[in-house]
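Reading through the structure tokens given below for one structure.
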Amino acid sequence: RTPYVAAQVRLGGRTAGGDFEIDTGSNTAIEFWGPFAQSALGDARGTRDIGLGVAGESTIERGHVDSLDVAGRRITGPQVNFADETPPAADAGPAYAGVIGGPAWNGLVLTLDLPRRRMWLR
């Protein structure tokens, strides 16, 4: 029952799609699950850093992608973490790519309708 949305990310000449968890509390626009980033984005790397979340410190790879296409919108140049260590929830499925965090939605209105599994983005 976790809210997921299909999205595509563009980096250089690559386009990769997957299911992303909506996590408005995340302080990074996109957190790629490490295995997804490695298989879908190849040698994409960021600057190693220490991230801080509700679970404590974690090692991250901070960088940017060209764009994220989600719910009919293109978000350009979002900051990303290429090395999220958080495994997908049991209901994520094999297309799990990571999470889309609060900064991606900056200036937009996000409405989730979970019983009908719909999302509106204005």
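Worth saying up front: this structure is predicted, and the values here are computed from it rather than measured.
- Listed by chain and number, the residues in a side-chain hydrogen bond (donor to acceptor under 3.5 Å, both in side chains) with Thr28 are Glu31 (sequence neighbours excluded).
- Ala7 is linked by a side chain to side chain contact (heavy atoms under 4.5 Å, CB included) to Phe20, Leu68, Val70, Ile100, counting only residues two or more places apart in sequence or in another chain.
- In terms of the side-chain hydrogen bond (donor to acceptor under 3.5 Å, both in side chains) criterion, residue partners of Glu61 (sequence neighbours excluded) are, by chain and number, Arg48.
- Applying the side chain to side chain contact (heavy atoms under 4.5 Å, CB included) rule to Arg74 yields the partners Arg10, Ser67, Asp69, Thr76; only residues at least two apart in sequence or on another chain are considered.
- Within the 4.5 Å cutoff, no side-chain heavy atoms of Thr15 are placed close to those of Val9.
- Of all non-hydrogen atoms in Ala97 and Gly18, the two that sit nearest each other are CB-CA, 4.0 Å.
- Each salt bridge (Lys or Arg N to Asp or Glu O under 4.0 Å) pair with one or both residues in residues 18-30, not counting sequence neighbours, would appear here, but there are none.
- Here Trp105 contributes atom CH2 and Ile22 contributes atom CD1; the two are 4.0 Å apart, rounded to the nearest 0.5 Å.
- Remark: Ala40 pairs with Ala16, Phe36 by the side chain to side chain contact (heavy atoms under 4.5 Å, CB included) rule, at least two apart or across chains.
- Taking every heavy atom of both residues into account, Asp66 and Gly12 meet most closely at OD2-N, 2.6 Å.
- Residue pairs meeting the ring pair (Phe, Tyr, Trp, His ring centres under 6.0 Å) criterion with at least one member in residues 58-92, sequence neighbours excluded, are Phe32-Phe82.
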